[in-house]
2 protein chains.
Amino acid sequence: MSERVVPPAARQRRRPTKQGVVLSAELIVDTALRLIEEHGADALSVRRLGRALGADPSSLYRYFRHTDDLMLAIADELIGRTLRVWRPTGDWRADLRELGLRMHAGALAHPRAAMLSAHRVTGRAHEIQAVEGIIGVLRRAGFPDPEAVRIYHAFVDQALAFGALDSAGTALPRAAREAEAEVWRDTYAHLPADTHPHIAATARHLVASMRSSSYPAALDLLLTAAQTRLDHLRAGTDG
Amino acid sequence: MSERVVPPAARQRRRPTKQGVVLSAELIVDTALRLIEEHGADALSVRRLGRALGADPSSLYRYFRHTDDLMLAIADELIGRTLRVWRPTGDWRADLRELGLRMHAGALAHPRAAMLSAHRVTGRAHEIQAVEGIIGVLRRAGFPDPEAVRIYHAFVDQALAFGALDSAGTALPRAAREAEAEVWRDTYAHLPADTHPHIAATARHLVASMRSSSYPAALDLLLTAAQTRLDHLRAGTDG
DNA sequence: CTTCACAGGTCAACGGTGTTGTCGTAAGGT
DNA sequence: ACCTTACGACAACACCGTTGACCTGTGAAG
């Protein structure tokens, strides 16, 4: 074996595969993302990716040490894409809401990658840029430093956590996802009022609510609480 | 094949395996949890579980239709364990805070299981009991039904999502976890103020905050927002 | 232009996975 | 003591990630 993976800079001998494709780390990442998007999260396997590229599966190991390595590269690409289109306007609440929803949407677009990368701190350029931007928004809004950090931390983790949670939902095989919807419709909607009064009373709302992600609601709750805190601080300072 | 899985009530012929173990859904779930705890999440496979039980892997299909089915049973068992020690006092905010922290702690106690099951709706006994309990607390507190469901949904998902997120963190190999802490200490704590003013200004707080979970803070923010909403509703009704 | 080292694509194999069809046997009801 | 049948065992299938050995065309050096 010795060293299988060669750093991208040193690559030069661009030999095409048997089927005429010239491989590159970029092409592999892009193809992987396309595969995930088109055929669901479980469509991503080294062998399938190889087939989609028109190359032997083992060729990929010349570019990535193992599948995890590939996943991180994919995640990195995703962070970049999300951040690239965020333009803070100066309204802290609207800006954070926008960014939160974008992060969540980005995760849902690539469930498998989101699940694997949510809990990792990369310390890379894109991530640092995001941290600086969010804390900046909060400080400019008037939050004192410890408060800004607390809210930053909760905000980011919430976006990542819900992104991963909801991604896991969409990554399920179609049959399992339908089974879940059925559980709410069939089991919860028909519990008798004498044994389960609260579920019976709210069944209609439950079935409707469970159909969609609770992230927007949770995000708004977080922002509302932050707003309340800010109002409180202002009142304390002004009066 | 016909029907392979027999409902637990109908079981009677308790034939021991070749190695003398008498199987049961309970025993299988318990063994699976033990396996996950001791050897990590990837230690859970039908074949390994069979080996750990002293039974042929295919025997498990007499108790669970497929692996997913087994995962749901594991998840429900965890919910049950958490719920078993929760005693609502009547103070809705304190009760939900208590339950949220318990769920989070329960997830951290079984990181791998939490990660695998956080996103599943089981529709099983313990879960139903939890739903009834939480919505009951909210309705008794005075939230109208749609509001109660919205908050219930956000509350539960947030507890599960953070549970899974933080579990993923603790499930990392020790080396990787230390590397992450280092990133905060070394990279973020030393960014120059002229390029990253906001990070530089709050670095001290950042390093401290990132060491621990943001779930308690996020939970308090959610409860604060709910309280605000409740006050608002009361003011509207009373005045 | 020719030569030739070796990057990088390919092949075959290993040990793992979930899942299913078939079969034998011992447990329980009669 | 017999019969039925639940249920555990076995073998097979198609897939997975990963590796070591092999072979060939590329691109630079002479």
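Order of the sequence lines sets the chain letters (A, B, ...), proteins ahead of strands, with each chain counted from 1.
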In whole angstrom, what separates A/Ile28's CD1 from C/dG8's P?
11 Å
Can you measure B/Leu23 atom CG to D/dC7 atom P for me and round it to whole angstrom units?
10 Å
Only counting residues at least two apart or in another chain, list the ones meeting ring-ring contact (aromatic ring centres under 6.0 Å, His included) with A/His104.
A/Tyr215
May I ask you to evaluate whether B/Ser59 reaches the phosphate of D/dC7, defined as a side-chain N or O under 4.0 Å from OP1 or OP2?
no
Salt bridge (Lys or Arg N to Asp or Glu O under 4.0 Å) partners of A/Arg97, counting only residues at least two apart
A/Asp220
Between C/dG8 atom P and A/Phe64 atom CZ, what is the distance in whole Å?
14 Å
Look up atom CZ in B/Arg65 and atom CG in B/Leu70, then write down how far apart they are to the nearest 0.5 Å.
12.5 Å
Find every protein N or O atom lying less than 3.5 Å from an N or O atom of nucleotides 11-16 of chain D, and list the pairs.
{"unit_1": "D/dC16", "atom_1": "OP1", "unit_2": "A/Ser45", "atom_2": "OG", "d": "2.9"}

Using a heavy-atom cut-off of 4.0 Å across all strands, would you classify B/Thr67 as base, sugar-phosphate, or nothing?
sugar-phosphate
B/Met71 CE to C/dG18 C1': how many Å, rounded?
14 Å
What donor-acceptor contacts under 3.5 angstrom involve side-chain atoms of residues 26-41 of chain A, with partners at least two apart or in another chain?
{"unit_1": "A/Thr31", "atom_1": "OG1", "unit_2": "A/Leu27", "atom_2": "O", "d": "2.6"}
{"unit_1": "A/Glu37", "atom_1": "OE1", "unit_2": "A/His110", "atom_2": "NE2", "d": "3.4"}

B/His66 NE2 - C/dT17 C1' separation (whole Å)
16 Å
Kindly write out the residues that satisfy salt bridge (Lys or Arg N to Asp or Glu O under 4.0 Å) with A/Glu182, not counting sequence neighbours, or none if the list is empty.
none
Ignoring the backbone of A/Arg62, work out which of C/dA27, D/dC22, D/dG8 is nearest its side chain.
D/dC22
Measure CG/B/Leu49 against C1'/D/dG8 and give the value in whole Å, please.
15 Å
Is there a donor-acceptor contact under 3.5 Å from the side chain of A/Ser167 to the main chain of A/Ala107?
yes
Atom CG of B/Leu60 and atom C1' of D/dC10 are separated, to the nearest Å, by 15 Å
Quiz: residues 185-193 of chain A side-chain donor-acceptor pairs under 3.5 angstrom, not counting sequence neighbours:
{"unit_1": "A/Thr187", "atom_1": "OG1", "unit_2": "A/Val183", "atom_2": "O", "d": "3.4"}
{"unit_1": "A/Tyr188", "atom_1": "OH", "unit_2": "B/Glu127", "atom_2": "OE1", "d": "2.7"}
{"unit_1": "A/Tyr188", "atom_1": "OH", "unit_2": "B/Ile128", "atom_2": "N", "d": "3.4"}
{"unit_1": "A/His190", "atom_1": "ND1", "unit_2": "A/Asp186", "atom_2": "O", "d": "2.9"}

To the side chain of B/Tyr61, which of C/dT20, D/dT18, D/dA9 is closest?
C/dT20
Is B/Lys18 close enough to C/dT25 that one of its side-chain N or O atoms is under 4.0 Å from OP1 or OP2 there?
no
